[in-house]
Amino acid sequence: MSTSSGVPESWISSFCALLGHEYFAEVSEEFIEDDFNLTGLQTQVTMYKEALEMILDVEPEDDDEDEDEEEEEEENESGLGDGQERMGGRERRHHSRMASDLSVIESSAEMLYGLIHQRFICSRAGIQQMSEKYELGHFGACPRYNCEQARTLPVGLSDIPGEDTVKLFCPSCLDVYVPPNSRFQTVDGAFFGRTFGALFLLTFPEYDLTKRGSDVLSSATSRVPEDEPLLNGMYAKNIAPSLGPGHIYEPRIYGFRVSERARSGPRMQWLRDRPQDIHELDEEQLYQQHVNESEDDDDGMNVNGRAMARRRPPGNPRRRQRQNQNGSPMQMSTNGAESEL
């Protein structure tokens, strides 16, 4: 393939330009050429060497080149006509073998590139490239109505190829969805993996998740202002902004709310609940309250954190036992220690 300028297009560019591959990032050749980044992939991909050569647009090496040269010399010595027939037969067999293996190599190259892509988007260069695609809305929007077209991220539910297709993760409602377009439902979810979604939010916490697709394109930036309050290390406005009151569907019949106890009532609505005061989730404040309560409970404890041991009164224990049997004020407690009535 070649571009309009006449420069041949690389295999990686042509693969990412295919219909349904809009979620993919273009992995740099420097990342692929580093053997450390490909550790363990040789056992997962058939025809690994040929697939890697196809991805990097490297001409395949002919292992039988020396043997072919020797055969050509022998054929030239034996006769030109006979050599042409033999050479033509060998070329036909060679081309037929390559044509049969080409589809297998192409499938292995797609598998290998997908597994490399899973690692690349978790690197610094790869996640930065995915950040640019996210800011432009290349990954689409959440299909949930109450999310109001919040931007999503492509994720996988498994790191093993062949188990599930790619899904869309919405940071606004913290749920995953099947892509609305069927062309994405054939893309393997392992090509994105389970790490990318959470790592992306940790790497770019300054993205304003309350901004929708049209708001991002019309405004100059989609970042949270620096003066916004933080909660548990995150911006408070970015903690599930599409959940809580006003963002949960409530079924009604003739204007009356349907009870959860009804046969057709809503179930498990608490999964989409969110406190009106988001600071109720402040882990630091909850920890301080727990520490203060534990300090109040430790008033009867000594410095080392051990309960003060109750000492046995002086005297002969047998005499005290006889006195107890005769009705003395000393009585044995449940744990064997004497206590006064």
Side-chain angles (χ1 to χ4, degrees), residues 1 9-27 41 44-47 51 54-55 102-123 126-127 129-201 207 209 212-214 216-217 240 242-243 247 249 268 271-272:
M1 298 181 66
E9 188 177 14
S10 65
W11 185 94
I12 297 177
S13 300
S14 60
F15 176 81
C16 295
L18 293 176
L19 189 66
H21 291 181
E22 290 83 358
Y23 295 165
F24 283 93
E26 293 192 11
V27 183
L41 297 183
Q44 300 185 41
V45 181
T46 58
M47 304 186 73
M54 178 174 288
I55 293 175
L102 187 60
S103 60
V104 180
I105 297 176
E106 182 71 25
S107 177
S108 298
E110 293 179 1
M111 174 68 69
L112 179 59
Y113 182 81
L115 295 176
I116 297 174
H117 182 269
Q118 178 195 130
R119 303 181 179 186
F120 176 71
I121 60 178
C122 293
S123 65
I127 205 169
Q129 190 177 148
M130 297 294 280
S131 171
E132 298 174 358
K133 295 172 71 69
Y134 173 78
E135 194 163 5
L136 295 175
H138 287 184
F139 304 130
C142 180
R144 182 170 176 262
Y145 171 77
N146 286 318
C147 283
E148 300 176 354
Q149 300 294 313
R151 292 169 295 173
T152 55
L153 291 168
V155 296
L157 302 183
S158 175
D159 295 330
I160 303 175
E163 290 194 352
D164 208 342
T165 58
V166 65
K167 300 295 184 293
L168 294 178
F169 170 68
C170 177
S172 188
C173 65
L174 305 180
D175 211 341
V176 292
Y177 301 90
V178 176
N181 200 316
S182 60
R183 68 171 179 262
F184 298 112
Q185 297 177 12
T186 59
V187 180
D188 201 318
F191 297 167
F192 297 88
R194 297 177 295 178
T195 304
F196 168 69
L199 183 63
F200 183 90
L201 297 178
Y207 273 122
L209 301 181
R212 304 311 184 219
S214 58
V216 173
L217 296 177
S242 293
L243 297 182
H247 295 89
Y249 173 71
M268 310 293 286
L271 289 174
R272 297 192 180 277

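These numbers come from a predicted model, not from an experiment.
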| said: Looking at Ser108 and Thr46, would you say the former's side chain and the latter's main chain have a donor-acceptor pair under 3.5 Å? | reply: yes
| message | Given 3.5 Å as the limit, does a donor-acceptor pair link the side chain of Arg144 with the main chain of Cys170, or not? | response | no
| query | Just how far is it from atom CD1 of Ile12 to atom CE of Met54, taken to the nearest 0.5 Å? | reply | 12.5 Å
| Atom SG in Cys173, atom CD in Glu148: separation rounded to 0.5 Å? | 12.0 Å
| Can you name the nearest heavy-atom pair linking Pro179 to Phe184, along with the distance? | CB-CB, 3.7 Å
| Do Ser107 side-chain atoms and Val104 backbone N/O form a donor-acceptor pair below 3.5 Å? | no
| Glu22: partners by salt bridge (Lys or Arg N to Asp or Glu O under 4.0 Å), with sequence neighbours left out | Arg183
| request: Grab the two heavy atoms, one from Leu115 and one from Pro161, that are nearest each other, plus how far apart they are. | output: CD2-CG, 3.6 Å
| query | Is it true that a side-chain atom of Gln129 and a backbone atom of Ile121 form a donor plus acceptor pair closer than 3.5 Å? | reply | no
| message | So, taking the atom named CG in Leu168 and the one named OH in Tyr177, what distance separates them when rounded to the nearest 0.5 Å? | response | 10.5 Å
| query | To the nearest 0.5 Å, how far apart are CG in Leu209 and CZ in Arg151? | reply | 7.5 Å
| message | Testing the basics here: between Phe15 and His21, what is the closest heavy-atom pair and its distance to 0.1 Å? | response | O-ND1, 2.8 Å
| remark: Closest heavy-atom pair, Ala25 versus Met130, reported as atoms and distance to 0.1 Å, is CB-SD, 3.7 Å
| field | Leu199 side, atom CG; Ile127 side, atom CD1 - distance, nearest 0.5 Å | value | 4.0 Å
| request: Kindly write out the residues that satisfy salt bridge (Lys or Arg N to Asp or Glu O under 4.0 Å) with Arg119, not counting sequence neighbours, or none if the list is empty. | output: none
| Donor-acceptor pair between Lys133 and Ser131 side chains, under 3.5 angstrom | no
| request: Please tell me if the side chains of Arg194 and Leu157 come closer than 4.5 Å, counting only heavy atoms from C-beta onward. | output: no
| remark: Nearest heavy-atom contact between Glu26 and Ser13 is OE1-OG, 3.6 Å
| query | Are the side chain of Thr152 and the backbone N or O of Phe139 linked by a donor-acceptor pair below 3.5 Å? | reply | yes
| query | Is the closest side-chain heavy-atom distance between Asp175 and Arg272 below 4.5 Å? | reply | yes
| Closest contact, heavy atoms only, Phe196 versus Pro154 | CD2-O, 3.3 Å
| said: Is the distance between the ring centroids of Tyr207 and Tyr134 under 6.0 Å? | reply: yes
| field | Point-to-point distance, once rounded to the nearest 0.5 Å, from CD of Glu110 to CD1 of Ile55 | value | 9.5 Å
| message | Any heavy-atom pair between the side chains of Ser172 and Cys142 that's under 4.5 Å? | response | no
| message | Measuring only between side-chain heavy atoms, which start at C-beta, is Phe191 closer than 4.5 Å to Met111? | response | yes
| request: Taking the side chain as every heavy atom from C-beta outward, state whether Val187 and Phe192 have any atom pair closer than 4.5 Å. | output: yes
| task | Quick one: sort the Tyr113 and His117 rings into parallel, tilted or perpendicular, breaks at 30° and 60°. | result | tilted
| Would a distance-only check, ignoring hydrogens and angles, find a side-chain to backbone donor-acceptor pair under 3.5 Å from Asn146 to Ser242? | no
| query | Taking only residues two or more places apart in sequence, or in another chain, which ones meet Asp188 in a salt bridge (Lys or Arg N to Asp or Glu O under 4.0 Å)? | reply | none
